[in-house]
Every structure is written in C-alpha cells, then in structure tokens.
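I am attaching a structure below and will ask some questions about it afterwards.
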There are 2 protein chains.
Amino acid sequence: MSAKRITWQSLHAEVSRRISDGLWKPGDLIPGEVDLAAEFGCARATVNRALRQLAQEGFLDRRRKAGTRVALHPVRKATLDISITRREVEQSGQVYSHKTLRRKQKSAPKHIQNIMGETQAAPLYLTTLHQAGKKPFMYETRWVNTDMVPNVLDADLTQISANEWLVENALFSKGEITFSAANASDAEAKILNVATGTAIFIIDRVTWNGPNVVTIVRLAYTPSFQMSTKI
Amino acid sequence: MSAKRITWQSLHAEVSRRISDGLWKPGDLIPGEVDLAAEFGCARATVNRALRQLAQEGFLDRRRKAGTRVALHPVRKATLDISITRREVEQSGQVYSHKTLRRKQKSAPKHIQNIMGETQAAPLYLTTLHQAGKKPFMYETRWVNTDMVPNVLDADLTQISANEWLVENALFSKGEITFSAANASDAEAKILNVATGTAIFIIDRVTWNGPNVVTIVRLAYTPSFQMSTKI
DNA sequence: CAATTTATTATGTGCAGACATAATAATTGT
DNA sequence: ACAATTATTATGTCTGCACATAATAAATTG
C-alpha cells in the first residue's frame with residue numbers, strides 16, 4: 001500500500017491546504033517539526049524544508065522556541081523577474097531593436113552626483129530607445145561610472161544595447177529598484193510617441209559593485225506597459 | 001587555525017564574492033558540489049544549500065548533469081513585500097486612517113464579471129480612501145465575491161478596512177498582482193486631491209481561493225508614492 | 001550516418017543523528 | 001516583588017550517506 005515517500009513539496013502543499021482551508025487560522029500555533037514529522041512519517045529535515053519555504057513565502061511566522069504560527073498579516077512577497085529589455089520584448093513575441101540616441105562623456109547633474117559620489121573620470125551619459133516591432137517600447141536614460149567600467153567608452157553599442165553590455169561586462173554586487181508613475185515630459189513624450197502628460201511607468205535602478213555605484217538608470221515605459229506577477 | 005565550521009551563509013558569501021570579483025564570469029561553469037565541498041571542507045548538502053540560494057536569487061543557473069554556471073543574463077528577482085495598507089502608512093511614520101466611501105451589493109460590470117465568473121449572490125462593491133495623516137494616500141476600488149465571503153456583508157468596516165478584514169477573515173490560496181501607471185480620471189483626481197490627468201501608480205490585484213475569485217481590487221496611489229526594493 | 005538505446009554524471013532530495021542558537025520559562029538571589 | 005541566572009525547548013543548520021532524476025555523452029543498431 002503506497003508507503004509513497006513524502007517529499008517536501010507534498011508537505012508544503014498539504015500545510016498550504018490546511019491554511020487555505022481555514023483548518024489552521026491566522027495566528028494559530030501549528031504543531032512542531034517533530035510532531036509533523038511523526039504525523040507524516042518523514043524526517044524532521046523534510047518538514048523543516050517545507051515550513052522554511054512557506055515562511056519565506058510569507059504564510060508562516062517561525063521563531064525559535066516560540067514555534068511556528070500562521071502569519072497574522074501575511075506580508076506576501078511578490079517576486080518580479082527583472083530581465084534585460086530585449087528578453088522582455090521578445091517574450092511578448094515581438095521583434096526587438098534599439099537605437100542609441102545620445103552618448104557623451106560629461107559631468108553629471110547634482111542629483112546624479114549625489115548618488116554616484118566623486119569620480120575620477122566624467123561619467124558616460126547614454127540615452128537609448130528600445131523598440132518592439134517598429135513602435136517605441138521604453139526610453140532609457142543612463143549614467144555609467146567610467147571609473148568602474150572604463151572600457152564602456154570603447155564599447156560598440158549598435159549591436160548590443162548598453163543594458164545588455166553592462167550586464168555581461170560589468171561587475172555588480174547589489175542594486176536598488178524603484179517603481180513609480182510620472183507624467184511624460186515634452187521630450188519623453190516626443191520620443192515615446194505619446195501625448196505630453198501621459199502617465200508612464202518608471203523604473204529607477206541603481207547598481208553597485210561593493211561600495212561604488214556602477215550605473216544609474218531610469219526606464220520610462222510606454223503607457224500600455226504593465227508588470228505582472230503571481231503569488 | 002580556526003577550523004571554524006563552515007556555514008552555508010559563508011559559502012554563499014564567498015561564491016557571491018567570486019562572481020562579483022569577476023573570478024567566475026557570466027557563462028562560466030563553476031566547480032561541482034563535490035569539489036566545492038572538498039575545497040571548503042564541508043558536506044555537499046551545505047554547498048547545495050548555498051548554491052540553491054544563489055540560483056534562486058538569479059546569480060547561478062543550475063542544471064542536472066550539466067552543472068552550475070554563472071547566470072549569463074541574470075534574471076534578477078526583485079522581491080516586493082506586499083503588506084496591508086495600514087502597515088505601509090505606519091512604517092513611513094505617519095498616522096493611518098481610512099474612510100469607506102461606497103458600499104453596495106450590486107451586479108459587477110462586464111470586465112469584472114469576466115474575471116470573477118458567475119456568482120450566486122451579487123458581489124459587494126466597496127470604495128475606500130486610505131489616508132496618511134490628513135492627506136489622501138491611496139484610493140481603493142474593490143469587488144468582493146459574496147459567495148466566497150458571505151459574512152463580509154455584516155462586517156464592521158469602520159474600525160478595520162476591507163483590506164485588513166479580508167486578509168484576516170477570508171481564505172485565499174493564490175493571487176496575481178499587476179503594476180501599471182495611469183492618468184487620474186476626474187473622479188480619482190477629486191478623491192486623491194490632485195489635478196485630473198496626474199500620473200498615478202496603480203496596483204491591480206486578483207485573489208483566489210482554489211478556483212474561485214475572492215476579491216478584485218484596484219489601488220490608485222498618490223503621485224508621491226513609489227515602491228522600492230533592494231536586490 | 002542518423003536514430004535509438006544505454007551508460008554516466010551533477011544536481012535534487014530524503015534520512016537519522018548531532019550540536020548550535022535564540023527565545024521563552026523556571027529558578028534563584030536579593 | 002523584582003532582577004539576574006539557569007534550564008528548557010523549537011527551530012536552525014551541519015554531516016555523511018543513500019537513492020532519485022534529468023540531462024548529457026557514449027554506445028549500439030538499422
């Protein structure tokens with residue numbers, strides 16, 4: 001008779017079910033790992049794996065000694081996949097292309113300097129229009145710290161966009177991403193081929209390698225754009 | 001000579017360092033788990049834990065038999081914490097309050113019906129203004145499937161917002177979140193106290209329990225709002 | 001030589017046991 | 001009664017081993 005081996009996934013599913021069926025309600029203390037292991041006839045490590053996953057997903061709160069409870073205010077964690085623009089476009093089944101509009105090494109404005117800090121050489125300023133088919137898809141405004149990535153100055157960005165080039169050639173350790181909405185300025189509106197003032201989705205990203213800023217970029221998407229995720 | 005016990009975190013940090021230092025470049029095949037275990041003098045399970053984590057974070061690509069490579073196009077996973085609105089406001093150090101503007105059981109418009117499907121009873125329509133201090137913070141438009149949560153009809157939503165009430169009283173299993181930007185309509189502008197056409201950040205959320213839609217909600221944030229995350 | 005079958009191998013996961021750690025509960029001292 | 005100390009306990013993690021699984025490489029077959 002069966003005696004099928006329990007996997008941590010099946011346990012994850014079962015606990016998940018008990019929560020979503022209301023058997024274990026928010027705030028409830030659930031049985032300890034040893035008890036669950038006994039109930040399901042598996043090792044404690046397996047239970048741990050399943051519960052750890054559920055905790056990471058925000059369904060459970062776990063604390064040593066105190067035990068495991070069903071999350072009271074489930075801080076649900078939405079995971080967004082941030083990939084390179086070409087992929088984003090191609091995954092929607094369209095043909096990707098890009099055009100470098102501006103490319104100049106010059107001193108950065110104050111608000112950029114504040115983030116990037118002092119640099120030896122002047123940063124590189126790049127603006128790029130990314131297209132899906134023949135239509136504008138996203139307008140990218142980027143500052144690159146040339147101290148950190150000197151050879152970007154000689155890079156051929158006609159075939160590969162700055163976006164992709166940096167991902168493959170620059171080193172980075174951490175980043176910060178901010179999502180917001182803004183009204184299109186005259187310049188942005190013209191480039192994205194929309195009316196001035198149209199609401200556009202903005203992604204601001206700062207990328208570091210260790211303590212140093214590598215690049216600061218602002219992505220302005222066309223109005224139809226939306227970012228979606230399941231939880 | 002130390003002989004300090006290796007933890008999976010330390011291993012995670014070390015591999016992470018080797019990648020960000022460029023020792024292992026994008027596309028490179030890194031040593032197998034057994035080799036790394038030997039190098040660091042720990043069990044393979046420990047190496048596995050560290051590498052699994054790095055893969056989940058998008059830094060590594062792992063495939064059975066093929067081995068582990070540094071991600072070529074690091075699909076970075078940005079994790080956003082979606083908590084209840086009261087928390088969001090309070091965490092920014094402001095006083096939270098809310099006002100239920102409309103509350104009526106009525107048949108849903110087509111685009112809502114399409115998502116919610118057929119229901120026995122008419123859904124509940126709720127609009128709520130969430131405030132930070134005395135200022136508008138977010139305007140919520142919600143449809144609740146009363147088949148799934150019948151007692152929402154009798155709920156007191158003056159103390160607790162629909163948002164919170166549902167989190168604690170309704171069962172849910174999965175959800176879908178979509179982020180976008182939109183120009184404020186006349187009605188929205190008036191409620192949020194901004195000019196018509198102002199760009200606002202929109203979050204659309206659909207929540208299921210099993211195959212059934214529990215609630216559909218649209219959150220329109222004031223222009224200053226931004227959502228941020230580190231990766 | 002192409003197509004199919006059969007090894008091979010790196011990762012994925014399970015188990016039992018041990019110790020570590022953090023948080024709580026119980027105890028002790030003043 | 002209160003503070004400081006000492007158990008206690010549930011989770012966290014490491015180890016060493018075993019077998020499962022998926023993907024590739026090698027061998028076999030027509």
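In what follows, chains carry the letters A, B, and so on, assigned in the order in which the sequence lines appear, proteins first and then strands, with residues in each chain numbered from 1.
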Next on the checklist: Using whole Å, what does the distance between atom C1' of nucleotide D/dC14 and atom CZ of B/Phe40 come to?
Outcome noted: 16 Å
Next on the checklist: Quick check on DNA chain D: between A/Gly67 and A/Arg52, whose nearest nucleotide comes earlier from the 5' end?
Outcome noted: A/Gly67
Item to check | Atom-pair distance (CG on B/Leu60; P on C/dT11), nearest Å | outcome: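 Value for this atom pair: 11 Å.
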Checklist entry - B/Thr128 and B/Arg142: side-chain contact (heavy atoms from CB on, under 4.5 Å), yes or no, with the steps? => result CA-CA 8 Å; B/Thr128 311; B/Arg142 181 185 295 271; over 6 Å; no
Checklist outcome for this item: In whole angstroms, the gap separating C1' of C/dG12 from CH2 of A/Trp8 amounts to 10 Å
Checklist entry - Would you say D/dG12 has OP1 or OP2 under 4.0 Å from some side-chain N or O of A/Arg62? => result yes
Item to check | Donor-acceptor pair between A/Thr119 and A/Asp147 side chains, under 3.5 angstrom | outcome: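 No, no side-chain donor-acceptor pair sits under 3.5 Å.
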Checklist entry - When you check the phosphate oxygens OP1 and OP2 of C/dG12, does a side-chain N or O of A/Gln9 lie under 4.0 Å from one of them? => result no
Next on the checklist: Using whole Å, what does the distance between atom P of nucleotide D/dT13 and atom NE2 of B/His12 come to?
Outcome noted: 13 Å
Checklist entry - Within this structure, what is the CG-to-P distance between B/Leu36 and C/dG12, rounded to whole angstrom? => result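 Between P of C/dG12 and CG of B/Leu36: 13 Å.
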Checklist entry - B/Thr7 has a side chain; which of D/dC14, C/dT11, D/dT9 sits nearest to it? => result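 The listed nucleotide nearest to B/Thr7's side chain is D/dC14.
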Item to check | Side-chain ion pair, B/Arg17 and B/Glu14, N-O less than 4.0 Å | outcome: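 Judged by the 4.0 Å cut-off on N to carboxylate O distance, B/Arg17 and B/Glu14 do form a salt bridge.
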Checklist entry - More 5' along DNA chain C: A/Arg63 or B/Ala66, using each one's nearest nucleotide? => result B/Ala66
Next on the checklist: Below 30° counts as parallel, above 60° as perpendicular, anything between as tilted: where do the rings of B/Phe201 and B/Tyr221 land?
Outcome noted: perpendicular
Item to check | Distance test, side-chain N/O of A/Asn48 to OP1/OP2 of D/dT11, below 4.0 Å | outcome: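 Result: no.
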Checklist entry - Does the side chain of B/Thr68 get closer than 4.0 angstrom to OP1 or OP2 of C/dA10 through an N or O atom? => result no
Checklist entry - Going by the angle between their ring planes, with limits at 30° and 60°, are A/Phe225 and A/Phe137 parallel, tilted or perpendicular? => result perpendicular
Item to check | d(CG, B/Asp35; C1', C/dT11) in whole Å | outcome: 13 Å
Next on the checklist: Show the nearest heavy-atom pair for residues B/Arg69 and B/Gly27, with the distance to one decimal.
Outcome noted: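 The pair with the smallest heavy-atom distance is NH1-O, 2.7 Å.
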Item to check | Derivation of the side-chain contact (heavy atoms from CB on, under 4.5 Å) call for A/Leu219 and A/Tyr139 | outcome: CA-CA 6 Å; A/Leu219 312 176; A/Tyr139 173 52; over 6 Å; no
Item to check | Atom-to-atom span, CG of B/Asp61 to C1' of C/dA10 - whole angstrom | outcome: 15 Å
Checklist outcome for this item: A correct 5'-to-3' footprint of nucleotides 15-21 of chain D, with B, S and - meaning base, sugar-phosphate only and no protein heavy atom under 4.0 Å, is B--B--B
Item to check | For atom CG of A/Leu51 and atom C1' of D/dT13, their distance in whole Å | outcome: 15 Å
Item to check | B/Arg49 side chain, from C-beta outward: closest of D/dT13, C/dT11, D/dT11 | outcome: D/dT13
